[in-house]
Number of protein chains: 2
Amino acid sequence: MSEQDNSSLAFERLREMLCEMPQTGDVKLPTERALAEALRISRRSVRRALEVLEAEGLVWRRQGAGTFAGPRPDTLIDTPAPEANLTEVMEVRLRIEPHLAQLAALRAGAESVERMRDILSRLEVTEDADGRELWDSAFHREIARAAGNRFFLMIFDTIDRSRHEESWRAIREQARNRPNLERYKGQHHEIVEAIAAHDPVRAGEAMRAHIKAVNDGVLNLTMMEQPADAP
Amino acid sequence: MSEQDNSSLAFERLREMLCEMPQTGDVKLPTERALAEALRISRRSVRRALEVLEAEGLVWRRQGAGTFAGPRPDTLIDTPAPEANLTEVMEVRLRIEPHLAQLAALRAGAESVERMRDILSRLEVTEDADGRELWDSAFHREIARAAGNRFFLMIFDTIDRSRHEESWRAIREQARNRPNLERYKGQHHEIVEAIAAHDPVRAGEAMRAHIKAVNDGVLNLTMMEQPADAP
DNA sequence: ACGGATTTGTCCGTATGTATC
DNA sequence: TGATACATACGGACAAATCCG
């Protein structure tokens, strides 16, 4: 009973603290360092407790901002993704986006191709991980737009939303190692060239290869996280 | 669990906002600082999202003036216009449902196949139009379920909802009144057989042929309605 | 024609959580 | 456990461009 775990102590104290707080959103908690000092325990223990509280939905945290009480403020999500599994999303992308590239090759106008190239050039000079994610998404969406089918565009947006939710970890980790980034860059240009040349077969195949590469990259990464696995 | 990057959040919210705006040009958006405060995020995140939207051609900005909604060539749709969508929906079905059949052939269990056969038997003894419509939809949805991918199922439901559009029902039912019904019946059984045999290639091809036949049936019908349209 | 007010464009410092040792 | 390096988010400050009286 004496020295079980400081995390549980922090957990009780923090929970108590939360109950006394006003229920209005946007209540900022003290920083982790301050809490650790106030409770006379290590910051690691505070973090463990906060992780549990976050999972319970009592608090939410954002890097660079702080820890806040209450549910997340931006719950605009209209249940787009149940429990988005990464493999499921990739399977859908692998089977749909090649069709979008094919249709885009048949129907894309010069201004669409121009926008694609512009987006790619911006993607390549972006160092920020968040920004890269945004530009990459914009590129794929531009292709979906160029496909000229509003239903396909709607479907793409459904996938894209889930992709952003799922990207929370894997893509950012993946951004760390640059070799893949170069390969993706080449694949992107290959796709645009095929579309510009109105070559649906090549466009579809290029898109398929690209998504397959991304899929493999993410898969390898998640496998690396689990120990004892050599290529 | 669903807290994505702030930029992506701003991106979705802004695009949604743009779609709800009147189509008239010269619509000035709130200032970046106002948007940042309204969305409860930093101005930097707003700016990243606006950059992408500008590259997509949805908005245009001028320093000192503000951000304006640009021309909107394609709008996200919630209420599709009937006529033009028919070909669009058919195009989507033709390119997606074969994949569903393939996956179903790989993953369908015995009970799924059992349900498909049961649904088909009920479809074949149904005389009224509403009933046939319902059973046919149920058959295709059972295949989507058997594909074992929740996203694909979600996407299928999106398509299926449009398919049930009131204005199309008459057309589809007329297309089914013909001897086409017999052909569709055979194609349905061919699909189920291929799935039961775990033959993805045959299943995909059978589904493709089926949807192509339905598509042709509808197309022929709509052309018959408009007599003698000459180039 | 002029000047103040407003808005976008740009940069940097600070604060915070995250990851690693 | 404690300490350090790192990525990210935020806000302020200033310049450039524009608008309005």
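Throughout, protein chains are lettered first and strands after them, A, B, ... in sequence-line order, and every chain is numbered starting at 1. As the structure is a prediction and not an experimental result, all values here were calculated from the model.
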Do any side-chain nitrogens or oxygens of [X] fall under 4.0 Å of OP1 or OP2 in [N]?
| X | N | answer |
| --- | --- | --- |
| A/T67 | C/dG17 | yes |
| A/R33 | C/dA15 | no |
| B/S45 | D/dC10 | yes |
| B/R48 | D/dA9 | yes |

Please state how far atom [atom1] in [X] lies from atom [atom2] in [N], giving the value in whole angstrom units.
| X | N | atom1 | atom2 | result |
| --- | --- | --- | --- | --- |
| B/E51 | C/dT10 | CD | C1' | 11 Å |
| A/R62 | D/dA7 | CZ | C1' | 15 Å |
| A/E133 | D/dA7 | CD | P | 18 Å |
| B/K28 | D/dC20 | NZ | C1' | 13 Å |
| A/R40 | D/dT1 | CZ | C1' | 17 Å |
| B/F68 | C/dT8 | CZ | P | 9 Å |
| B/E32 | C/dT8 | CD | P | 5 Å |
| B/R47 | C/dT10 | CZ | P | 6 Å |

Pick base, sugar-phosphate or nothing for B/R44, based on heavy-atom distances below 4.0 Å to the nucleic acid.
-> nothing

Can you check whether any acceptor in the base of D/dG12 is under 3.5 Å from a donor in the side chain of B/R43, or vice versa?
-> no

Between the side-chain atoms of A/Q63 and the base atoms of D/dA7, is any donor-acceptor pair under 3.5 Å?
-> yes

B/E142 and B/R145 ion-paired at < 4.0 Å = yes

Salt-bridge present (A/D160, A/R141; N to O < 4.0 Å) | no

Closest non-hydrogen atom pair between B/F68 and B/L29, with its separation | C-CD1, 4.0 Å

Contacts of B/A65 and A/D128 projected onto DNA chain D by closest heavy atom; the upstream (5') one is A/D128

Does C/dC12 have a Watson-Crick or wobble mate here (both distances under 3.5 Å), and if so which one?
-> D/dG11

Assess whether atom CZ of B/R208 is packed by more than 12 heavy atoms of other residues, nucleotides or ligands within 6.0 Å.
-> no

Between A/E124 and the options A/H188, A/E182, A/H189, the side chain to side chain contact (heavy atoms under 4.5 Å, CB included) test singles out A/H189

